Amino acid sequence: MRTEWVNRRRGQANVSQMHYARQGVFTEEMHYVAKRENLPVELIRDEVARGRMIIPANINHTNLEPMCIGIASKCKVNANLGASPNSSDINKEVEKLNLAVKYGADTVMDLSTGGGDLDVIRTAIIKASPVPIGTVPIYQALESVHGSIEKLTAEDFLHIIEKHAQQGVDYMTIHAGILIEHLPLVRSRITGIVSRGGGIIARWMLHHHKQNPLYTHFDEIIEIFKKYDVSFSLGDSLRPGCQHDASDEAQLAELKTLGQLTRRAWEHDVQVMVEGPGHVPMDQIEFNVKKQMEECSEAPFYVLGPLVTDIAPGYDHITSAIGAAMAGWYGTAMLCYVTPKEHLGLPDAEDVRNGLIAYKIAAHAADIARHRPGARDRDDQLSQARYNFDWNRQFELALDPDRAREYHDETLPADIYKTAEFCSMCGPKFCPMQTKVDADALTELEKFLASQEKETVTQS
Ligand SMILES: C[C@H]1O[C@@H](n2cnc3c(N)ncnc32)[C@H](O)[C@@H]1O
Ligand SMILES: Cc1ncc(COP(=O)(O)O)c(N)n1
Ligand code: SF4
Ligand SMILES: [Zn+2]
């Protein structure tokens with residue numbers, strides 16, 4: 001679909017959606033996104049020009065169905081996947097991608113660090129994906145020097161970044177905000193650095209006693225991104241890894257740098273979103289969202305969770321979906337899912353499903369609470385089906401139809417029960433929804449109550 005759209009742009013110095021938006025141009029992607037979101041195309045263009053919305057759409061990802069990320073549109077959900085050296089391979093990862101798309105992931109990140117040729121895995125994922133693909137190129141940069149930080153150079157980073165851009169990656173996490181002077185600030189933390197990319201850069205700076213190469217070469221990265229329309233996802237290397245470390249000096253110092261980098265990318269019409277924490281107590285979530293908007297001039301915020309407690313390994317899709325729902329409500333543009341395997345191991349296909357559904361719930365709850373147009377329509381439809389005991393329609397409208405049907409079938413598998421006026425929770429005699437409070441019954445009741453009232457008046 002996009003092949004023709006992008007062919008006309010090839011060879012231009014800057015092919016970013018932001019560049020076109022700022023020239024007043026409506027791209028095909030903007031029209032597509034406007035239809036999807038049921039929003040005026042002028043609004044899409046203005047938000048993209050302003051930097052409050054991005055359309056991650058590499059010109060080399062031609063099978064992409066364009067989408068947008070920004071506070072003016074629906075809250076989005078990202079699913080992480082990718083092979084790791086101890087587990088998984090290319091087939092399993094493509095299967096996870098298909099599952100993620102099936103359950104409604106708006107974007108997918110390939111965070112592979114091993115388990116096969118990283119280029120082969122990534123290109124297979126891009127080719128199979130209608131949703132934008134994000135990556136963290138420094139993982140592969142480290143792999144390319146066989147894990148020895150001392151050998152890594154700025155040229156290695158730029159080389160891999162250009163390669164990912166050429167392959168069609170739509171957005172990249174760039175950990176440019178962690179500066180050498182921030183490192184002493186993590187001394188008082190319980191969990192130090194928990195960002196994988198942040199850890200690589202921190203070790204590099206500790207070894208070389210030099211400034212972050214992604215920071216010092218930021219302008220060169222901008223030049224690469226312009227050519228392909230790659231969006232920045234500015235990485236939060238110093239995100240807190242536990243409740244204790246949340247909103248500390250280290251995190252906020254990096255956030256300030258992320259704001260400066262946002263505006264530097266914008267000077268070149270390159271699109272930006274900003275990554276955020278992590279692990280944050282509920283009472284600090286609003287502060288975190290507002291602070292990001294203030295420091296980063298309202299560039300879309302993209303948060304991992306946040307987990308609102310640290311004591312539930314095995315259930316961190318829940319501890320984090322609670323935080324994600326709140327973050328979305330306060331105006332976060334995209335929620336990065338956390339699966340039940342977080343802190344324990346590599347998620348498998350079933351974890352992808354459970355994590356994604358938890359986040360579809362969080363994002364949708366945020367859309368309802370923010371009164372986004374039409375957000376509650378599906379809730380109302382499902383509720384109607386529920387009240388009418390139309391079980392099949394209920395399953396159809398469910399975020400996870402398979403799970404809903406499976407659970408209903410567990411106790412009442414026969415077809416006849418798909419129209420039954422009860423389920424096995426209360427049984428046929430106790431189902432309160434059988435109490436039809438209809439208009440006729442109420443009119444009759446009102447008449448009766450009125451007559452009672454008259455009697456009382458005459459009696460007294
Ligand atoms: C930044 C987030 O990325 C997740 N993460 C890192 N690597 C992978 C992978 N291969 N698959 C799925 N999730 C991953 C971590 O769980 C962390 O929460
Ligand atoms: C929301 C989000 N998603 C992915 C990453 C990259 O992971 P890492 O920083 O651990 O390399 C991140 N920093 N934030
Ligand atoms: S998830 Fe596992 S590998 Fe990743 S930071 Fe935690 S302990 Fe380390
Ligand atoms: Zn964690």
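This structure is a prediction, so every number in the text was calculated from the model and none was measured. Computed over heavy atoms, backbone and side chain alike; hydrogens, waters and symmetry mates excluded. Ligands are counted one by one from 1 in listed order, and the atoms in each one are counted from 1 as well.
- In this structure, the protein non-hydrogen atom closest to atom 14 (N) of ligand 2 is E275 OE1, 2.8 Å.
- At most 12 non-hydrogen atoms from other residues, nucleotides or ligands lie less than 6.0 angstrom from OH of Y407.
- With 2.8 Å as the limit, H279 counts as an N, O or S neighbour of the Zn ion (ligand 4).
- When atom types are taken as modelled, the side chain of E254 and the backbone of L238 share a donor-acceptor pair closer than 3.5 angstrom.
- Near G197, the atoms of ligand 2 lying under 4.0 angstrom from a non-hydrogen atom of the residue are 8 (P), 11 (O).
- Between M334 and ligand 2 there is no heavy-atom distance shorter than 4.0 Å.
- At a 4.0 Å heavy-atom cut-off, ligand 2 touches S195 through backbone and side chain alike.
- Using a 4.5 Å heavy-atom threshold, the side chains of R196 and V136 count as separate.
- At under 3.5 Å, not a single nitrogen or oxygen of T173, backbone or side chain, sits near a nitrogen or oxygen of ligand 2.
- For H364 (side chain) and K360 (main-chain N/O), no donor-acceptor pair under 3.5 Å exists by modelled atom type.
- If you check which protein heavy atom lies closest to atom 7 (O) of ligand 2, you get Y139 OH, 3.4 Å.
- What sits closest to atom 1 (S) of ligand 3 on the protein, heavy atoms only, is H343 CA, 4.1 Å.
- Near H175, with a cut-off below 4.0 Å to any heavy atom, the atoms of ligand 2 are 8 (P), 9 (O), 11 (O).
- Which of G235, G276, C336 comes nearest to atom 3 (N) of ligand 2 through a heavy atom is settled by distance: it is C336.
- Annotation for ligand 2: atoms under 4.0 Å from non-hydrogen atoms of L304 are 1 (C).
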Begin from the C-alpha positions of I54 and V272 and carry the test side chain to side chain contact (heavy atoms under 4.5 Å, CB included) through to its verdict. CA-CA 7 Å; I54 65 169; V272 180; 5.7 Å; no
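- The six-membered or imidazole ring of F218 lies near that of F232, with a centre-to-centre distance under 6.0 Å.
- For R36 (side chain) and E65 (main-chain N/O), a donor-acceptor pair under 3.5 Å exists by modelled atom type.
- Counting only heavy atoms of the protein, atom 5 (S) of ligand 3 lies nearest to V194 O, 4.8 Å.
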Apply side chain to side chain contact (heavy atoms under 4.5 Å, CB included) to residues I161 and I174 and explain how you reach the verdict. CA-CA 9 Å; I161 290 170; I174 301 293; 4.0 Å; yes
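- Checking side-chain atoms of H61 against main-chain N and O of P56 turns up no donor-acceptor pair under 3.5 Å.
- Atoms of ligand 2 lying under 4.0 Å from at least one heavy atom of R196, given by number and element, are 8 (P), 10 (O), 11 (O).
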